[in-house]
Number of protein chains: 2
Amino acid sequence: MKGPEAGRVSIKAVAAASGVSPATVSKVLSGRAEYPVRTETAERVRQVARELGYVPDVAARNLRTRQTGQLGVVLEAVGPSEPDNLLGEPEASRAVSRTFDGAIMAGLSGAARELDVPALVVYPGGQQLARTYLDGRVDGLLVSCDPLRGHDLLERLSGTALPVVALWSEQVPPGMGAADVDHAGGAAQAVNHLLELGHTRIAFYGGGQASGVEHFQRREAGYRGALAAAGLTALPPLHDGTALVEAVRRGTVTAVFAETDLGAAAAFQALSGAGLSVPQDVSLIGFDDIQGAEYIAGGLSTVYHPAAEMAAEGVRLLLEQLAGHPPRQVLLPTRLVLRDSTGPNPGGD
Amino acid sequence: MKGPEAGRVSIKAVAAASGVSPATVSKVLSGRAEYPVRTETAERVRQVARELGYVPDVAARNLRTRQTGQLGVVLEAVGPSEPDNLLGEPEASRAVSRTFDGAIMAGLSGAARELDVPALVVYPGGQQLARTYLDGRVDGLLVSCDPLRGHDLLERLSGTALPVVALWSEQVPPGMGAADVDHAGGAAQAVNHLLELGHTRIAFYGGGQASGVEHFQRREAGYRGALAAAGLTALPPLHDGTALVEAVRRGTVTAVFAETDLGAAAAFQALSGAGLSVPQDVSLIGFDDIQGAEYIAGGLSTVYHPAAEMAAEGVRLLLEQLAGHPPRQVLLPTRLVLRDSTGPNPGGD
DNA sequence: CTGTTAGCGCATTCAG
DNA sequence: CTGAATGCGCTAACAG
């Protein structure tokens with residue numbers, strides 16, 4: 001039984017118990033080949049260490065080696081107690097990140113595990129505090145950017161010696177890595193899908209207040225780009241349910257690309273409230289593939305948002321930087337998820 | 001300009017620059033009253049520290065003080081790369097935690113910020129690895145319990161000197177704190193709401209495979225308890241859409257309490273596919289208040305699941321334990337969220 | 001009130 | 001191949 005004393009076994013105790021010096025124990029347990037130790041001795045030391053329940057003290061190790069192996073994480077959405085935003089940030093922005101914080105953590109954890117990062121240090125201050133990330137707690141920092149405010153932190157960090165990778169950000173100060181989702185590309189996938197179904201009158205549903213959110217702007221840009229590439233022009237964006245219903249009734253639009261799945265849900269609610277059906281009267285496609293998307297609009301066609309993959313990529317990028325490579329910027333590809341809310345264009349065009 | 005050299009300013013440099021000894025600097029910057037320092041001196045030291053951009057080295061501090069102020073976190077859902085479960089864990093279990101990991105992190109972060117916890121250390125190994133949490137990285141550990149596997153880890157941890165608080169767990173080994181959601185109470189709130197609307201034939205929708213999940217069992221128990229308290233007997237549980245539709249058509253049930261919001265979404269889909277409407281033909285209430293619940297079933301009445309609050313409470317409990325208080329177990333109250341999927345019982349009874 | 005001394009536990013020299 | 005000596009940066013004890 002190792003017992004509660006396990007934490008108190010130091011390298012010195014192991015050394016004494018196995019009849020070697022602390023230095024030798026350290027060499028053995030470091031596992032590194034550049035320290036030649038007789039196999040026999042090494043074996044015995046390892047055995048004794050195991051028996052004694054030796055656990056290396058990371059504080060001492062960190063102090064000595066001047067690094068931790070740990071990566072820092074700044075999450076953007078830090079909970080209900082976060083002070084209200086002074087900039088009048090649209091609610092949509094926060095909702096997006098709240099939706100994906102779980103996925104972010106999952107992606108980070110998965111990558112960390114695979115790449116042998118012993119721990120992730122989450123700074124609870126979010127991006128509010130100008131606190132220091134340079135206190136030696138971590139070797140590098142992942143910043144999950146607020147679409148509206150993230151850049152401040154990045155700017156402040158850009159002068160420091162701390163390697164940084166931005167998540168959810170395409171543009172970063174020089175010297176930083178970045179991983180983001182290809183919002184424009186995803187929007188184009190959605191629009192192309194509708195085009196292939198024969199639709200030509202395709203509207204964008206969303207925008208309005210939330211247009212301050214860069215991701216959504218890129219989605220709209222992707223939508224416009226895909227239409228332009230097909231020789232079509234974008235219709236005026238639909239900002240609410242009544243405008244949508246009206247446009248569908250008039251036959252002005254036969255398909256709708258919603259900014260988000262939640263937007264698609266709202267659109268569907270307006271539509272079905274007006275007696276219009278999906279996809280018979282109008283095709284509907286969203287963006288995000290949120291949990292429960294299969295229950296929206298009788299099974300929502302949408303674009304998968306690779307938040308977890310992006311986070312995992314961020315870990316890889318940061319580790320790359322720590323290994324001395326120059327920072328890179330990466331855009332993660334989305335993927336169509338087709339369910340039942342999109343169908344062929346019934347009309348002539 | 002502090003510049004990239006900020007991290008290299010040690011307490012010794014500050015001492016030299018302000019003409020005092022390192023110890024005095026330490027005393028000043030510790031801010032603790034038990035070390036009396038002349039206000040004048042203190043002022044000067046602080047000033048110099050600021051000018052030099054001094055940042056305390058946590059590794060050194062941790063080594064010296066034998067504590068970190070940091071709290072460890074073991075999240076259960078650790079992403080897509082998690083090795084498949086050998087126990088045949090129902091998908092539902094994972095879905096629940098994935099849904100709430102974002103909320104958990106938000107709650108932890110918020111509480112950590114308010115209570116001046118400098119950082120949360122997330123162990124990426126999840127509950128898979130038997131890795132050590134005793135390496136001095138953290139002063140205490142929060143374990144977000146897998147409904148099925150969490151207890152193993154808790155057992156293994158219960159012999160150690162590390163203070164532990166379990167999240168999402170009612171029963172814990174002696175000596176541990178715990179915070180959980182009051183699933184049974186929440187279910188009772190839902191059922192009581194239906195009873196107040198005049199329903200007496202109230203069915204539980206869910207169970208089936210997922211019945212291995214303790215939380216869901218407690219929800220069902222709460223449902224039964226509330227009915228029993230009203231002098232009613234529970235109906236046979238409905239495990240799928242067809243059973244549900246049939247029961248409603250027969251008039252056997254007039255109201256349904258679904259195990260989860262996602263379950264409610266599935267129920268609604270089956271119902272509306274069969275031409276039945278909510279709440280006219282049958283009232284429907286869920287559990288969780290997931291994002292998008294307002295779009296389920298035309299606005300789902302449900303029970304708010306205080307995951308973030310539970311996590312925040314966990315931080316408080318752990319800090320309490322670290323301060324020497326005995327561990328406590330806390331159940332977080334749920335709250336009804338009424339929307340449009342529940343209505344009065346139209347029938348005679 | 002302030003300075004001096006002594007280590008926290010480990011990883012790295014450099015001798016042997 | 002192994003061991004003795006050194007110090008990472010800080011803070012707790014004690015001496016002034």
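None of these values were measured; they are calculated from a predicted model. Order of the sequence lines fixes the chain letters, A, B, ..., with proteins taken first and strands second; residue numbering starts at 1 for each chain. Atoms considered below: every heavy atom in the structure, side chains included; atoms not considered: hydrogens, waters and symmetry mates.
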Summary of salt bridge (charged side-chain N to carboxylate O under 4.0 Å, His left out) pairs that have at least one residue in residues 159-174 of chain B, sequence neighbours excluded: B:Glu170-B:Arg218
Measure the distance from [atom1] on [X] to [atom2] on [N] and round it to the nearest whole Å.
{"X": "B:Gln67", "N": "D:dC10", "atom1": "CD", "atom2": "P", "result": "17 Å"}
{"X": "B:Glu34", "N": "D:dA13", "atom1": "CD", "atom2": "C1'", "result": "13 Å"}
{"X": "B:Leu29", "N": "D:dA12", "atom1": "CG", "atom2": "P", "result": "13 Å"}
{"X": "A:Leu134", "N": "D:dG9", "atom1": "CG", "atom2": "C1'", "result": "16 Å"}
{"X": "B:Arg38", "N": "C:dG3", "atom1": "CZ", "atom2": "C1'", "result": "13 Å"}

Only counting residues at least two apart or in another chain, list the ones meeting side-chain hydrogen bond (donor to acceptor under 3.5 Å, both in side chains) with [X].
{"X": "A:Gln67", "result": "none"}
{"X": "A:Glu43", "result": "none"}
{"X": "A:Arg44", "result": "none"}

Rounded distance (nearest 0.5 Å) linking atom CG of B:Leu108 with atom CG of B:Leu71: 9.0 Å
Lys/Arg N to Asp/Glu carboxylate O, A:Asp57 vs A:Arg64, below 4.0 Å: no
Protein-nucleic acid N or O pairs under 3.5 Å, nucleotides 9-12 of chain C:
unit_1	atom_1	unit_2	atom_2	d
C:dG9	N2	A:Ala60	O	3.4
C:dC10	OP1	A:Tyr54	OH	2.6
C:dC10	OP1	A:Asp57	N	3.3
C:dC10	OP2	A:Ile11	N	2.5
C:dA11	OP1	A:Arg61	NH1	2.4
C:dA11	OP2	A:Ser26	OG	2.9
C:dA11	N3	A:Arg64	NH1	2.4
C:dT12	OP2	A:Arg32	NH2	2.2
C:dT12	OP2	A:Tyr35	OH	3.4

Angle by which the axis turns from one end of the helix from C:dC1-D:dG16 to C:dG16-D:dC1 to the other, five pairs per end, to 10 degrees: 40°
Under-4.0 Å side-chain N/O to phosphate OP1/OP2 contact, B:Thr41 with C:dT2: yes
Distance-only polar pair, side chains of A:Ser169 and A:Asp180, donor-acceptor under 3.5 Å: no
Intermediate values then yes/no, side chain to side chain contact (heavy atoms under 4.5 Å, CB included), A:Thr41 and A:Val28: CA-CA 9 Å; A:Thr41 317; A:Val28 170; 5.7 Å; no
